[in-house]
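The structure under discussion appears below in the form of structure tokens.
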Amino acid sequence: MTLQNGLPWILRARQEGWAVGAFNANTLEQAQAIVLAAQAENAPAILQVSHRALTYIGSGSEIQGLKYIAAIGKVAAESVAVPIALHLDHGTESEVLQAIALGFSSVMFDGDDLSYDENVSITKRLCETARSNGVCMEAELGEVPKPDGRAYDEAAIALTQPDEAVQFVEATGIDTFAVALGSVHGLKTKQISLDLDRLKTIRERVPVPLVLHGSSGVSDKDIEQGIAIGLCKVNVATQLSQAFTKAVREVLNRDDGVVDPRKYLDPGRDAQMEAVRERIRFFGASGKAR
Ligand code: 13P
């Protein structure tokens with residue numbers, strides 16, 4: 001199918017009590033694994049790329065990375081019969097505009113280093129452009145840290161404040177809202193509990209669908225309860241890369257004579273596909289393509 005705007009399925013997921021999986025890719029094989037998993041589960045899915053993945057794929061050039069991904073995402077979506085959205089995860093203002101121009105069907109602006117007022121004004125502007133192009137727009141308030149292996153202070157994480165959230169969503173017109181409930185990007189073990197009371201309050205007061213970032217480090221019990229309360233887009237990255245890299249490492253450890261990259265990337269792709277399938281089932285999204 002051609003790339004789809006995922007908002008209708010995200011809204012349906014919220015109504016029916018499941019969540020759409022949004023899966024990060026850094027390589028061609030990871031992108032393929034995601035759409036093949038969605039196809040195998042007959043589920044809608046979001047294929048997403050972060051700012052750092054763009055820089056990697058574009059060998060240092062974000063615009064080059066966006067062009068590669070726009071092409072890969074389009075072909076990947078057209079290779080399967082289930083709906084796929086192509087999402088820019090944590091984009092800057094110029095990346096969001098370029099992604100929309102290149103045919104991404106969903107974008108996120110990350111204004112976490114800006115003042116509240118600046119964040120509102122840029123997000124609102126981007127939202128108008130996204131809407132006029134039929135693209136789904138996500139933004140975040142509060143902090144889901146990106147420690148990238150460095151130490152971080154759990155007690156100092158800025159969680160989403162309900163009053164500010166209400167104002168932000170109303171002032172910007174965003175389609176989906178990423179909430180900071182205590183999760184942290186990039187953790188390798190499931191060690192985090194979410195602030196579910198905060199989620200309940202935000203869910204009651206904010207009309208748009210809510211998104212969880214940093215799910216790899218969150219206990220499955222809390223993800224399940226979070227979905228029951230109203231999280232309806234769940235981002236997964238590290239957990240998938242762990243599965244991919246473990247399979248590659250096994251091949252290379254087994255045989256140090258391997259030279260052909262296909263010999264280890266193919267098992268990596270298969271392992272990531274299984275990991276995505278498992279998450280799709282866990283989120284209750286299996287069989288929800290239509
Ligand atoms: P994890 O790497 O913790 O799964 O986070 C993914 C994410 O939120 C991407 O935006």
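All residue numbers in this chain count up from 1 along the given sequence. Numbering of ligands and ligand atoms starts at 1, following listing order. Just so you know, these numbers come straight off a predicted model, no measurement behind them.
Taking Ile, Leu, Val, Met, Phe, Trp and Tyr as members and joining any whose side-chain heavy atoms lie under 4.5 Å apart, directly or through other members, the hydrophobic cluster of Leu36 also contains Met273.
Using a 4.0 angstrom heavy-atom cutoff, Gln239 does not count as in contact with ligand 1. Under a 4.0 Å heavy-atom criterion, Met108 is not in contact with ligand 1.
Heavy-atom contacts of His90 reach the following atoms of ligand 1: 10 (O) (cutoff under 4.0 Å). Close approach of ligand 1 to Gly186 is summarised as follows: ligand atoms under 4.0 Å from at least one heavy atom of the residue are 1 (P), 2 (O), 3 (O). In summary, the atoms of ligand 1 found under 4.0 Å from a heavy atom of Val236, numbered by their order in the structure, are 4 (O). Of all atoms in ligand 1, numbered sequentially from 1 with element shown, those under 4.0 Å from a heavy atom of Asn24 are 9 (C). The ligand atoms of ligand 1 that sit less than 4.0 angstrom from a heavy atom of Thr238 are 1 (P), 2 (O), 3 (O), 4 (O). Taking every non-hydrogen atom of His213 and a distance limit under 4.0 Å, the qualifying atoms of ligand 1 come out as 8 (O), 10 (O).
Across Ala271 and Ala243, no two heavy atoms sit closer than the pair CB-O, 3.5 Å. Pairing each heavy atom of Thr160 with each of Ala180, the nearest pair is OG1-N, 2.6 Å.
Remark: ligand 1 and Ala237 share an N or O pair separated by less than 3.5 Å (distance only, no angle test). Annotation: Gly217 places no N or O atom under 3.5 Å from an N or O atom of ligand 1; distance criterion only. In terms of polar-atom proximity, Ser216 is counted as a contact of ligand 1, with an N or O under 3.5 Å from an N or O of the ligand.
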Which is it for Gln48 and Leu88 under the side-chain contact (heavy atoms from CB on, under 4.5 Å) test, yes or no, and what are the steps along the way?
CA-CA 6 Å; Gln48 60 185 20; Leu88 172 66; over 6 Å; no

Run the side-chain contact (heavy atoms from CB on, under 4.5 Å) check on Val236 and Asn24 step by step: do they pass?
CA-CA 6 Å; Val236 195; Asn24 287 70; over 6 Å; no

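We find that Asp148 and Lys146 are not joined by a salt bridge, their nearest charged nitrogen and carboxylate oxygen being 4.0 Å or further apart.
Within a 6.0 Å radius of CZ in Arg12, more than 12 heavy atoms belonging to other residues, nucleotides or ligands are found.
For Glu128, the side-chain hydrogen bond (donor to acceptor under 3.5 Å, both in side chains) partners two or more places apart in sequence, or in a different chain, are Lys124.
Between the OH atom in Tyr68 and the CG atom in Leu102 there is a gap of 14.0 Å [rounded to 0.5 Å].
Of the protein's non-hydrogen atoms, the one nearest atom 8 (O) of ligand 1 is Gly214 N, 2.7 Å. Asp89 OD2, 3.1 Å is the protein heavy atom nearest to atom 9 (C) of ligand 1.
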